[in-house]
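Structure record follows, encoded as structure tokens.
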Amino acid sequence: MKIFSGTANLILAKEVAKYLGRKLSDISIKRFPDCEIWVKINENVRGKDVFIIQSTSNPVNEHIMELFIMLDAFKRASARRITAVLPFYSYARQDRKDQPRVAVTAKLMANLLTSAGADRILTMDLHAPQVQGFFDIPVDHLLAEPVITKYFLKKKIKNLAVVATDMGGVKIARTFAQKLGCNLAIVDKRRSGPHEVKAMNLIGDVKDKDIVMPDDMISTGGTMVEAAYFLKEKGAREIYACCTHPILCGGAVEKLNKAPVREVIVTNTIPLSKEQMSDKIKILSIAPLFAEAIKSIHNETSISRLFN
């Protein structure tokens, strides 16, 4: 087994390697003055089982191109199997033609990853789970829910309720509610624009309850923030927001700091800059989960135990 990392999330990659009792393998990644990317593998990978850890986070297209070039380099170096480990899979929101004459970019990403040389994909909490079906190679889809629910179980919060911030988040919210042993409520929202959310109705009871609001990602924070204010109006007590992928763009941190949210629990699939840090944000590591998945893939054993 050989574990390599791109430049997108080197800290997570080092954590994964350390958990497996290894060091990251040697690779050189440079930029020419015109921003072209140059990759060289500095050790023999012929016949090896190679894992490349690379989140496709901001700058998204830069990190994607870097991954494609790495995949091509390993393919040409005769690696036996190449697994692209994408803690965060970008473009998953563009999974269908919801308007005339638009691209299905999530499918394009799948095609390009396969063409570049990936034999297998390991990722976490796809925004649209059906993206797995866009690939003609095996996809292992991990969930951060066991890590996040474990955090809340340790807090032993009484009178808890899980709230889905929109109808699309009901499935993940139901799973959280089952694991935490509490009731489920749903915020029915309406969008007045691409980045403007207006909460309208509440299905369920949140009065005098502490609230957990889970989602796969927080981007601009509009959905979470609007839901938090709405739930406060409905009598909720403490509100905890949580997500797998902290994209946190477009003033999201400022919005969350002002919102009636006690904590924002995120994972380290995406590294946060100093500007994105806040006293409200609690980061949980998913490195052990990815390390165990990599170990199972290498040893050809089941990874279903990682969903419990």
Side-chain angles (χ1 to χ4, degrees), residues 1-31 37-45 48-60 62-71 73-74 77 79-90 113 116-125 140-144 146-148 150-151 217 243-248 265-277 281-299 303 306:
M1 184 201 300
K2 296 273 189 179
I3 302 173
F4 292 84
S5 176
T7 62
N9 200 339
L10 196 56
I11 295 174
L12 174 60
K14 287 179 178 178
E15 279 188 49
V16 171
K18 184 178 179 181
Y19 185 94
L20 293 169
R22 296 170 176 269
K23 289 185 178 180
L24 290 176
S25 295
D26 192 12
I27 189 170
S28 296
I29 303 172
K30 298 178 182 178
R31 263 73 173 170
I37 300 167
W38 177 85
V39 169
K40 182 184 178 183
I41 307 158
N42 295 322
E43 54 189 83
N44 180 31
V45 295
K48 303 296 184 182
D49 193 8
V50 170
F51 294 84
I52 308 171
I53 301 174
Q54 176 81 330
S55 274
T56 54
S57 51
N58 187 42
V60 174
E62 182 85 2
H63 288 148
I64 290 172
M65 194 64 200
E66 185 180 293
L67 176 59
F68 290 158
I69 296 171
M70 291 172 72
L71 287 167
F74 284 105
R80 178 174 60 85
R81 179 174 63 180
I82 307 168
T83 301
V85 182
L86 286 74
F88 172 60
Y89 183 97
S90 58
L113 283 165
D119 298 305
R120 192 180 196 99
I121 302 294
L122 174 60
T123 188
M124 174 172 278
D125 280 326
D140 292 301
H141 184 215
L142 300 178
L143 304 176
V147 176
I148 300 173
K150 183 179 180 181
Y151 173 80
M217 64 175 67
C243 76
T244 305
H245 310 300
I247 298 173
L248 301 180
I265 296 88
V266 303
T267 77
N268 58 345
T269 58
I270 297 174
L272 297 184
S273 65
K274 290 182 179 179
E275 294 75 21
Q276 291 174 310
M277 295 303 294
I281 294 177
K282 168 74 174 178
I283 303 173
L284 305 179
S285 179
I286 42 77
L289 206 57
F290 272 101
E292 289 291 342
I294 288 171
K295 188 192 301 183
S296 292
I297 291 169
H298 178 66
N299 294 329
I303 68 166
L306 301 178

Nearest atoms (heavy-atom pairs only) where [X] meets [Y]:
X: I121; Y: A118; result: CD1-CB, 4.1 Å
X: I286; Y: A144; result: CG2-CB, 4.3 Å
X: N58; Y: H63; result: O-CE1, 3.5 Å
X: I29; Y: G6; result: CD1-CA, 3.9 Å
X: A77; Y: V45; result: CB-CG2, 3.5 Å
X: V60; Y: S90; result: CG1-OG, 3.3 Å

Under a 4.5 Å cut-off applied to non-hydrogen side-chain atoms, are [X] and [Y] in contact?
X: L67; Y: L86; value: yes
X: T83; Y: V85; value: yes
X: I297; Y: F51; value: yes
X: I11; Y: N268; value: no
X: I281; Y: P246; value: no
X: I247; Y: I270; value: yes
X: M217; Y: T269; value: no

Identify, with sequence neighbours excluded, every residue that meets side-chain hydrogen bond (donor to acceptor under 3.5 Å, both in side chains) alongside [X].
X: D125; answer: T244
X: E292; answer: Y19, R305
X: S57; answer: none

Exercise. For F74, enumerate each residue passing the ring pair (Phe, Tyr, Trp, His ring centres under 6.0 Å) test, keeping only those at least two apart in sequence or located in another chain.
Key: F4
Self-check item: side chain to side chain contact (heavy atoms under 4.5 Å, CB included) evaluation trace for I64 with L113
Solution: CA-CA 9 Å; I64 290 172; L113 283 165; over 6 Å; no
Quiz item: If only atom types and distance count, is the side chain of H245 paired as donor or acceptor with the main-chain N or O of M124 below 3.5 Å?
Solution: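 Pair found, side chain donor or acceptor close to backbone of M124.
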Quiz item: Any sub-3.5 Å donor-acceptor pair from Q54's side-chain atoms to A84's backbone N or O?
Solution: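 Checked: no pair found.
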At what distance, to the nearest 0.5 angstrom, does [atom1] of [X] lie from [atom2] of [Y]?
X: E275; Y: L248; atom1: CD; atom2: CG; result: 12.0 Å
X: K282; Y: I265; atom1: NZ; atom2: CD1; result: 9.0 Å
X: L12; Y: F88; atom1: CG; atom2: CZ; result: 14.0 Å
X: F68; Y: T56; atom1: CZ; atom2: OG1; result: 9.0 Å
X: S5; Y: I53; atom1: OG; atom2: CD1; result: 6.0 Å
X: L289; Y: I294; atom1: CG; atom2: CD1; result: 10.5 Å

Quiz item: Does M1 CE have over 12 foreign heavy atoms under 6.0 Å away?
Solution: yes
Quiz item: By salt bridge (Lys or Arg N to Asp or Glu O under 4.0 Å), which residues pair with K2, not counting sequence neighbours?
Solution: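 Result, salt bridge (Lys or Arg N to Asp or Glu O under 4.0 Å) vs K2: E43.
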Quiz prompt | Residue pairs, two or more places apart or on separate chains, that pass salt bridge (charged side-chain N to carboxylate O under 4.0 Å, His left out) and touch residues 8-31 | solution =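 Listed once each, the pairs are R31-E62, R31-E66.
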